[in-house]
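The structure appears below as C-alpha cells.
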Amino acid sequence: MTNKVRTRFAPSPTGHLHVGGARTAIYCWAYARGREGTFILRIEDTDQKRSSEQATFGFFEDLNWLGVNWDEGPEFQSSGGGDVGPYFQAQRLDEYNTQLNKLIECGLAYYAFETPDELNEKRKLARAEKRAYRYDRAALELTEEQVQANLDEGKPYVIRFKVPDDAILAFTDEVIGDVEIPRSELDDFVIFKADGFPTYHFAVVVDDALMGVTDVVRGQEHLNNTFKHIVLQEALGFERPRYAHLSLIFNPDGSKMSKRDKDKTLRAYVKEHQIESPPDGCIEHAEWDNWLSSKDNQLQTDEANSLAKALGVSLPEINVDDFKAAGYLPEVLMNYLCLLGWSPGDDIEQFDSAFLIEHFSLDRIVKSPAKFDRAKLLAFNLDAMQALSSEAFESRLLEWCHEYAPAFAALGERFPLFAKANHERSKTFRDAIETSSFLVEDDEALTWVETKPVKKALLKGEVTGLSLLPEVAQRLGELADWTHESIDACLASCAEELAGGKLGKVAQPVRIAVAGSPVSPPIGDTLVLLGRDSTIKRIERCIAFFMSHCDA
RNA sequence: GGUCCCAUCGUCUAGUCAGGUCAGGACAUCAGGUUUUCAUCCUGGGAACAGGGGUUCGAAUCCCCUUGGGAUCACCA
C-alpha cells in the first residue's frame with residue numbers, strides 16, 4: 001500500500017480547464033493507471049475571490065469527457081470518493097491549522113503585519129535598484145509584546161515561514177534532472193494569508209503529504225516553487241514525493257496559449273469592423289464599454305464566447321470545452337495532447353488510452369516546450385473519424401448535435417442519411433453541420449451570393465448551368481421514386497444529353513440551387529435529404545433569382 | 001535585472017543516458033494523379049542536429065562558452 005503510486009491533479013477552479021492543465025491531468029492519470037496506482041483529484045480553492053462552484057463543475061465535466069476518471073476526490077458520476085478527504089482545500093482548514101501549530105511550536109513560523117501596500121513599495125524600490133526583492137525579516141525583530149499588542153489591536157497579519165539558514169535547496173526532478181538554487185534566492189514566504197486561508201505552498205505540501213501523494217506531476221511554472229515545498233516538508237517532517245515538471249504548451253507563434261487569445265481575437269475583429277455597440281443579447285453595454293476602455297480588461301470566457309457567437313467570429317480553441325464544441329473527439333484530443341511532450345518511441349503516434357496507460361512513463365517526457373499545432377490535431381481527428389464505424393459516427397454525431405446543433409438533432413428519420421453523407425468528408429462534427437446548414441433552412445429563406453464559383457457554375461460557359469436548370473428540374477419532378485439511385489441516374493442522363501457527359505456541369509448548378517453554396521454533401525445525398533418538394537422549389541427560386549439579376 | 005530551465009526539418013518528435021548505418025516518422029508544404037463540389041484518397045519531392053571551442057580514431061550524442069527561447073521573483077494557484 002505505502003509504495004503504491006499515488007498521483008493527483010490539483011486545479012484551482014478559477015476558469016476553464018485549458019489544454020495544458022488537461023495534459024497534466026492525463027499524464028498523472030495514465031501514470032497511476034499504468035502502475036495499479038491511485039489517481040486523486042483535489043480542488044485548490046483557497047483563493048476565495050476567484051474560485052467558483054461553476055468552474056469546479058466544469059472541470060469535472062471536462063475531465064470526464066476526456067475519459068480521465070479519478071479514484072479519489074469529489075464525487076462526480078462514477079469518479080471520486082476516498083478516505084483521506086475532504087478533497088476541497090477550503091474544507092481542510094483544520095488540517096492546515098494543526099500543521100501550522102507544529103511550525104509555530106518549533107519557532108519556524110511567525111506573524112508579520114506589513115500591509116500589501118508597504119510590501120509593494122519595497123518591491124518597487126528593489127526593482128528600481130535592479131535587485132531581486134526578498135522579504136527583509138523585519139517582523140522577526142518584533143518582541144513578543146509587540147506581536148501580542150498588534151494581535152489585540154486586531155491588526156491584519158500573515159504568517160511567514162522562517163526558512164532555515166542552512167536549508168539545502170536542491171532536488172532531483174524526474175524530467176529535468178538535478179536542480180538547485182542559492183540559499184539567497186528563497187525568502188521567508190507567506191504560508192497563511194490575512195483571510196485565514198493557507199497559501200498554495202502550504203496547502204499543497206500538507207495535502208500531498210496527508211493524502212500520501214508519491215509523485216507530483218505538474219507544470220514547469222512550479223519548478224521554482226518546489227524549493228519552498230521541500231523546505232516546508234523538511235520542517236513538517238514529511239517525506240518528499242518524486243517531482244516531475246512538464247514544459248509549457250505554446251501557440252504556433254510562440255506566445256503562451258491562454259484565454260487572452262480569445263480576447264485578442266475579439267478586439268481585432270471589433271476594431272477592424274468598427275463595431276460601436278454590443279449585438280443584442282450577449283453582453284451588457286456597461287461591460288462592453290469597460291472591456292474596450294483598456295486592453296487589460298478581459299472578457300470572461302463565457303462572455304467572450306457569447307459575443308463571438310453574436311458577431312459570427314470563430315475564437316481560437318484554448319480550453320477543453322472549446323475543442324468539444326468544435327467537434328473534436330475526446331480520445332483524439334487526449335492522444336494529441338499526450339504527444340505534446342511525450343512519445344512512446346518506435347514511430348508510434350496514434351494510440352488509444354489503453355496503449356497510453358500501458359506505455360506511459362516519466363522518463364520519456366520531453367524537456368523542451370511544445371507548440372500547439374491545430375493542423376495536426378485536425379488531421380488526427382479526421383483519421384479517427386474515418387476509423388469510426390458508420391453506426392458509431394452516427395450516434396456520436398447525434399450526441400454532439402443534441403448539445404451544439406439542436407436543429408440537426410431534430411432531423412429525425414433523416415439523421416442517419418445526414419450522418420452517412422458527412423462521415424467521410426468531415427474533419428470534425430462541426431464540419432458536418434457547417435456545410436449542411438441549408439438542410440435546416442426554410443426553402444423561402446435560402447439566398448444566393450454571386451461568388452466566383454457560383455458564377456462559374458451558373459452563368460459561365462457556352463451553355464450556362466442556369467439554362468440547364470429548368471430541364472433538370474422538370475426531369476427530377478417526373479422521377480418515379482426519390483432515391484439516391486434514381487436521382488443519380490437522372491442527373492447522369494441529364495449530363496449525357498445536355499452537357500456532353502459532364503456530370504459536374506449538371507450537378508454543380510443543382511447543388512448551388514438547392515444548397516445556396518457550391519459546397520454540400522454528394523449531390524444524391526443532398527437531394528434525398530432535402531426531399532423532392534424542397535428540391536424543385538429551390539431550383540425554381542434559384543432560376544427566378546438569377547434571371548431577374550442577370551437581366552437587370 | 002537576479003535565479004532556474006530549455007535548444008534535431010516550418011511544427012510535434014525518434015535518435016542523446018551506455019559516442020560509430022547518407023539523422024527516422026507524423027503533420028504541414030510543394031509536384032503529379034483519382035474524384036460531380038468541398039473534403040477525402042494515391043504517388044513522389046524538398047526540408048533539421050542554433051553558433052563556436054574542446055575531448056575522441058570518430059560527436060546530434062560528452063564538456064565549456066556564446067546566442068536564442070521560456071519560467072519565476074504575490075497575502076494567485
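Just so we're on the same page: letters track the sequence lines, and every chain starts at 1. In this text, all values refer to a predicted model and were calculated from it rather than measured experimentally.
A distance of about 12 Å separates the P atoms of B:A48 and B:U11, rounded to the whole Å. Nucleotides B:C63 and B:G70 are separated by 25 Å at their P atoms, to the nearest Å. Straight-line distance between the P atoms of B:C65 and B:C27: roughly 40 Å, to the nearest whole Å. Between B:A60 and B:A50, the distance separating the two P atoms is 10 Å to the nearest Å. Atom name C1', nucleotides B:G46 and B:C38: the rounded distance is 28 Å, in whole Å. Of the P atoms belonging to B:U13 and B:G53, the separation is 30 Å, rounded to the nearest Å.
Remark: of the listed residues A:Lys420, A:Glu424, A:His423, A:His423 is the sole one forming a side chain to side chain contact (heavy atoms under 4.5 Å, CB included) with A:Ser390.
Base contact: A:Pro521 has a heavy atom under 4.0 Å from a base atom. Looking at heavy-atom distances under 4.0 Å, A:Ser426 makes no contact with the nucleic acid at all. Using a 4.0 Å heavy-atom criterion, one finds that A:Ile176 contacts the sugar-phosphate atoms exclusively.
Legend: residues meeting ring pair (Phe, Tyr, Trp, His ring centres under 6.0 Å) with A:Phe418, ordered by chain and number and at least two apart, are A:Phe408, A:Phe415. Contacts of A:Arg396 classified as salt bridge (Lys or Arg N to Asp or Glu O under 4.0 Å), with partners at least two apart in sequence or in another chain: A:Glu331.
A 4.0 Å heavy-atom criterion places the boundary nucleotides of RNA chain B facing chain A at B:G1 to B:A77, written 5' to 3'.
Legend: salt bridge (Lys or Arg N to Asp or Glu O under 4.0 Å) pairs involving residues 50-59 of chain A, not counting sequence neighbours, sorted by first then second residue: A:Asp47-A:Arg50. Counting only residues at least two apart or in different chains, side-chain hydrogen bond (donor to acceptor under 3.5 Å, both in side chains) contacts with residues 165-176 of chain A comprise A:Arg137-A:Asp165, A:Thr172-A:Asp178, A:Asp173-A:His245.
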Please set out all donor-acceptor pairs under 3.5 angstrom arising from side-chain atoms of residues 370-377 of chain A, sequence neighbours excluded.
{"residue": "A:Asp373", "atom": "OD1", "partner": "A:Ala375", "partner atom": "N", "Å": "3.1"}
{"residue": "A:Arg374", "atom": "NE", "partner": "A:Glu317", "partner atom": "OE1", "Å": "2.8"}
{"residue": "A:Arg374", "atom": "NH2", "partner": "A:Glu317", "partner atom": "O", "Å": "2.5"}
{"residue": "A:Lys376", "atom": "NZ", "partner": "A:Glu349", "partner atom": "OE2", "Å": "2.9"}

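Of the residues near RNA chain B, A:Thr435 and A:Arg364, the one whose nearest nucleotide (by heavy atom distance) lies more toward the 5' end is A:Arg364.
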